[in-house]
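Encoded as structure tokens, the structure appears first; notes follow it.
Basis for what follows: all heavy atoms, side chains included, without hydrogens, waters or symmetry-related copies.
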Amino acid sequence: MEIGVTSFVETKPDIETGIVISHAQRIREVVEEIVLADRVGLDVFGIGEHHREDYAASSPAVVLSAAAPLTKRIRLTSAVTVLSSADPVRVFQDFATLDGISDGRAEIIAGRGSFIESFPLFGYDLHDYEELFNENIELLLKLRESEKVTWRGGHRPAIHNLGVYPRPVQDSLPIWIGSGGTQESAVRAGLLGLPLILAIIGGSPTHFAPLVQLYKKAAAHAGHDVSRLRVGSHSIGFVAEDTELAADTFFPSTQAGMNKLGKERGWAYYDRSSFDAARRFEGALYVGDPETVAQKIIHLRKHVGITRFMMYVPLSTMPHELVMRAIELLGTEVAPRVREEIAKWEAETG
């Protein structure tokens with residue numbers, strides 16, 4: 001059972017002061033967060049790609065590369081790489097470079113993203129959304145398989161027996177599929193035999209169990225070894241010494257972030273009752289003291305089949321020291337508790 005952190009490197013206004021920190025400062029802060037996550041024993045840290053003013057990480061591989069020589073064992077991944085609007089050759093080269101700097105700890109989570117700014121920015125047509133992703137994941141996997149590649153698609157120049165360098169340290173650079181929870185993306189990941197990570201950010205996490213089963217069914221149909229498949233979750237959360245302290249600390253920035261997105265997407269107003277409902281045991285918010293959060297993660301493993309849990313913190317701008325403390329508690333108290341309980345459960349159930 002892997003435990004880690006996801007960050008979108010937010011630069012939204014501070015809810016108390018209204019101050020917006022610079023992109024440069026926030027990037028430096030998240031490098032410190034990655035270093036701490038490694039020191040306290042977390043397994044993975046993911047950086048999300050965005051091309052908006054309120055997010056600072058348009059290039060996850062560069063941010064992760066800054067942290068790579070300062071860390072020893074933590075895996076470093078995008079969360080996600082917006083593959084539909086990216087050149088797969090450049091994506092592969094960037095993460096192969098990160099793999100070299102980190103001595104074999106790089107990963108890619110490839111997804112379609114929840115924002116569309118990258119499409120006009122890089123000159124792609126949103127009407128080609130699905131086709132672009134399907135072509136680009138096909139090419140990305142070919143680049144992983146072979147040093148020299150011959151490939152032709154409909155949206156980029158063909159490649160005729162050309163080498164792509166550098167090659168990664170790992171024999172097979174890990175590539176995950178990131179999904180917002182659609183059946184189509186689960187089936188796609190299963191048919192390709194790739195690990196799947198689900199954005200479980202609303203509703204009841206146990207409702208994702210049928211989707212995990214569909215993913216495994218598709219993988220089995222395609223002849224992949226289902227026992228080797230991994231399933232992860234990207235879930236919003238925060239840890240503090242006391243559950244009510246965690247809730248009271250995390251709510252204001254979460255409300256601000258949710259309502260900013262809500263205005264763009266037509267969501268209902270997000271208030272404290274919505275927040276409190278979501279942090280109940282069956283809800284999708286992992287907010288509380290270490291034992292509360294650990295028990296919710298254990299429940300997710302047992303009832304949904306999640307083998308990697310990534311806590312997305314913060315949802316909006318929070319003081320850096322509070323984020324650091326949450327990461328410290330996740331690594332030193334939550335993760336050991338989860339691993340201990342899951343090890344016992346697996347030994348008992350086989």
Side-chain angles (χ1 to χ4, degrees), residues 3-50 52-72 74-79 201 234-261 275 279 285-290 293 309-335:
I3 309 290
V5 174
T6 310
S7 176
F8 291 172
V9 198
E10 296 83 350
T11 56
K12 298 178 178 68
D14 184 277
I15 57 168
E16 297 291 339
T17 66
I19 294 173
V20 180
I21 67 172
S22 69
H23 289 162
Q25 180 180 339
R26 185 66 191 108
I27 290 169
R28 291 193 297 270
E29 287 179 353
V30 84
V31 170
E32 293 180 5
E33 291 163 14
I34 298 169
V35 172
L36 175 62
D38 178 66
R39 182 166 60 81
V40 298
L42 290 172
D43 299 294
V44 58
F45 203 108
I47 298 292
E49 174 192 345
H50 294 88
R52 296 165 53 99
E53 184 181 10
D54 48 354
Y55 298 99
S58 60
S59 179
V62 175
V63 178
L64 295 166
S65 291
L70 305 175
T71 56
K72 296 180 179 179
I74 196 167
R75 300 196 65 78
L76 305 168
T77 185
S78 58
I201 57 176
H234 155 89
S235 302
I236 300 166
F238 185 76
V239 191
E241 288 79 357
D242 172 80
T243 291
E244 291 308 312
L245 174 63
D248 292 343
T249 302
F250 195 57
F251 170 68
S253 60
T254 300
Q255 181 187 40
M258 285 290 197
N259 284 330
K260 185 179 188 302
L261 288 177
F275 176 82
R279 67 185 181 92
L285 275 183
Y286 290 75
V287 175
D289 63 32
V293 173
F309 176 86
M310 299 183 71
M311 178 177 284
Y312 171 31
V313 58
L315 175 63
S316 188
T317 298
M318 290 185 70
H320 177 49
E321 59 271 17
L322 293 179
V323 178
M324 293 283 276
R325 181 56 177 158
I327 290 171
E328 182 178 17
L329 289 171
L330 185 66
T332 59
E333 298 193 28
V334 176

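Within a 6.0 Å sphere centred on CD of E53, other residues, nucleotides and ligands contribute 12 heavy atoms or fewer. For R39, the CZ atom sits in a loose shell: 12 or fewer heavy atoms of surrounding residues, nucleotides or ligands are nearer than 6.0 Å. In E321, the CD atom is crowded: over 12 heavy atoms of neighbouring residues, nucleotides or ligands sit closer than 6.0 Å.
The aromatic rings of H50 and F8 sit tilted, their planes meeting at an angle between 30° and 60°. By the 30° and 60° cut-offs, the orientation of the rings of F250 relative to F238 is parallel.
Note: F251 CZ to M258 CE = 10.5 Å, rounded to the nearest 0.5 Å. E10 CD to T317 OG1: the interatomic distance, rounded to the nearest 0.5 Å, is 6.5 Å. Atom CD1 of residue I15 and atom CD of residue Q255 lie 8.5 Å apart, to the nearest 0.5 angstrom. We find the OH-OG distance between Y312 and S7 to be 7.5 Å, quoted to the nearest 0.5 Å. With rounding to the nearest 0.5 Å, the separation of CG in L64 from OG in S78 is 8.0 Å. One finds the CG atom of L322 at 11.0 Å from the CD1 atom of I327 (value rounded to the nearest 0.5 Å).
Listed for the T243 side chain is a donor-acceptor partner under 3.5 Å among the backbone atoms of D289. Judged by distance alone, with hydrogens and angles left aside, the side-chain atoms of D38 form a donor-acceptor pair with the main-chain N or O of K72 at under 3.5 Å.
The two residues T249 and P252 have their closest heavy-atom pair at O-CD, 3.5 Å. Here the closest non-hydrogen pair linking G18 and P13 is O-CB, 3.8 Å. For the pair A66 and V31, the tightest heavy-atom approach, listed with the atom from each and the gap, is CB-CG2, 4.0 Å.
Taking a cutoff of 4.0 Å between a charged side-chain nitrogen and a carboxylate oxygen, E33 and R26 qualify as a salt bridge. Under 4.0 Å is where a charged nitrogen must lie from a carboxylate oxygen, and between E333 and R325 no such pair does.
Between I3 and L42 the shortest side-chain heavy-atom distance falls below 4.5 Å. Within the 4.5 Å cutoff, side-chain heavy atoms of I21 are placed close to those of E29.
The only option from V293, I236, T6 that meets the side chain to side chain contact (heavy atoms under 4.5 Å, CB included) definition with M311 turns out to be V293.
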